[in-house]
Amino acid sequence: MATDNEHIPTVRYSMTDSWSNPISILMHTMAAVGSSQGVTRLQRLQYALDTNAKKVIHNGGNDTAKRARKIERANVGGKKSGYVPTGNLMRSIEAHDSSDGMQTEIVPTAMSKTDYEYGQAVEFGTKKGMAAEPFMKPAGDEIGSKLSETAREALKQAIEEA
């Protein structure tokens, strides 16, 4: 993944787990007073919250990658910038989840024959006059604007189901 270069157009989504510590404290309290049923319910709640949060992040990453591919395919290249699309850039746009599942990065990894990550030239333009044709930012803005509400609903559903 080519995210070491700060110029690569990258969309990142993450969620902070603010529920594990309070749930853990409650589980210890329930265990101390001998409520195994309470501990079991809290474990189910913890699992449901974790699972739903990771789904929101994963799906947001995949949705953004799909949207960026669609924008790149439909709007990038031709007269405006002189960039001639081959499909390589579009196919290289992928979401990569972190190992804990609470963050995802969507990044184009297409490389030229000279090892130049040309997604940045297409997204931002070049000093030599190639016009910018953003595809990552519009996709990130569109999907990201809905992500907070999606997360809120998913976590609410986890609470109701647990």
Side-chain angles (χ1 to χ4, degrees), residues 1-76 85 87-111 117-120 122-124 132-162:
M1 190 163 57
T3 57
D4 291 339
N5 185 336
E6 66 187 49
H7 303 291
I8 301 301
T10 304
V11 176
R12 288 182 187 89
Y13 301 125
S14 63
M15 191 177 300
T16 303
D17 173 352
S18 60
W19 54 85
S20 288
N21 195 39
I23 290 174
S24 180
I25 292 168
L26 279 172
M27 278 195 285
H28 288 294
T29 303
M30 293 289 216
V33 298
S35 176
S36 61
Q37 188 178 28
V39 170
T40 301
R41 288 198 68 192
L42 288 169
Q43 287 172 332
R44 280 198 308 261
L45 176 61
Q46 174 75 48
Y47 179 78
L49 288 169
D50 289 348
T51 300
N52 284 15
K54 290 173 184 179
K55 265 190 225 178
V56 167
I57 295 300
H58 177 78
N59 291 343
N62 284 340
D63 291 348
T64 301
K66 285 178 193 173
R67 184 67 184 129
R69 284 191 215 90
K70 190 173 184 176
I71 292 169
E72 195 279 340
R73 184 173 189 174
N75 300 336
V76 172
N88 190 37
L89 179 58
M90 180 194 65
R91 287 187 302 274
S92 79
I93 302 167
E94 295 181 358
H96 302 274
D97 295 343
S98 65
S99 60
D100 70 352
M102 295 294 278
Q103 178 175 319
T104 191
E105 286 188 337
I106 306 89
V107 61
T109 57
M111 301 288 281
E117 297 159 333
Y118 58 89
Q120 63 184 319
V122 176
E123 179 84 11
F124 305 121
E133 295 187 274
F135 58 100
M136 293 297 292
K137 183 174 181 352
D141 289 349
E142 182 179 323
I143 303 301
S145 69
K146 304 170 193 168
L147 207 54
S148 290
E149 183 59 31
T150 302
R152 194 174 345 325
E153 288 300 316
L155 296 178
K156 181 180 173 185
Q157 179 183 355
I159 292 167
E160 290 170 0
E161 290 175 358

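Because the structure is predicted, anything quoted here is derived from the model rather than measured.
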Do side-chain atoms of [X] reach the backbone of [Y] as a donor and acceptor pair under 3.5 angstrom?
| X | Y | result |
| --- | --- | --- |
| E94 | A65 | no |
| R73 | M90 | no |
| S145 | E142 | yes |
| S24 | S20 | no |
| N88 | A110 | no |
| Y13 | G140 | yes |
| S92 | T109 | yes |

From [atom1] ([X]) to [atom2] ([Y]), nearest 0.5 Å:
| X | Y | atom1 | atom2 | result |
| --- | --- | --- | --- | --- |
| T10 | E123 | OG1 | CD | 9.5 Å |
| Q43 | M27 | CD | CE | 5.5 Å |
| E161 | R44 | CD | CZ | 12.0 Å |

Write down the atom of [X], the atom of [Y], and the distance for their closest heavy-atom approach.
| X | Y | answer |
| --- | --- | --- |
| A139 | T64 | CB-O, 3.8 Å |
| T104 | I106 | CG2-CD1, 4.1 Å |
| I23 | L42 | CG2-O, 3.8 Å |
| P9 | P108 | O-CD, 3.1 Å |

**Message:** Applying salt bridge (charged side-chain N to carboxylate O under 4.0 Å, His left out) to E149 and R152, what does each step give before you reach the verdict?
**Reply:** CA-CA 5 Å; E149 183 59 31; R152 194 174 345 325; 3.7 Å; yes
**Prompt:** Would you call D63 and R67 a salt bridge, taking side-chain N to carboxylate O under 4.0 Å as the test?
**Reply:**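 The answer is no: the pair does not qualify as a salt bridge.
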Any side-chain heavy atom of [X] sitting closer than 4.5 Å to one from [Y]?
| X | Y | answer |
| --- | --- | --- |
| L49 | L45 | yes |
| K54 | M102 | yes |
| K66 | R69 | yes |
| D141 | P138 | no |

**Item:** Candidates I71, I93, I8 - the one meeting side-chain contact (heavy atoms from CB on, under 4.5 Å) with M136
**Value:**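 Exactly one candidate clears the test, I93.
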**Message:** One pair to check against side-chain contact (heavy atoms from CB on, under 4.5 Å): M15 and L155. What are the steps and the verdict?
**Reply:** CA-CA 11 Å; M15 191 177 300; L155 296 178; 4.3 Å; yes
**Request:** Could you check H96, Q103, E105 and say which one makes a side chain to side chain donor-acceptor pair (under 3.5 Å) with R12?
**Result:**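 By the side chain to side chain donor-acceptor pair (under 3.5 Å) criterion, R12 pairs with just one of H96, Q103, E105: E105.
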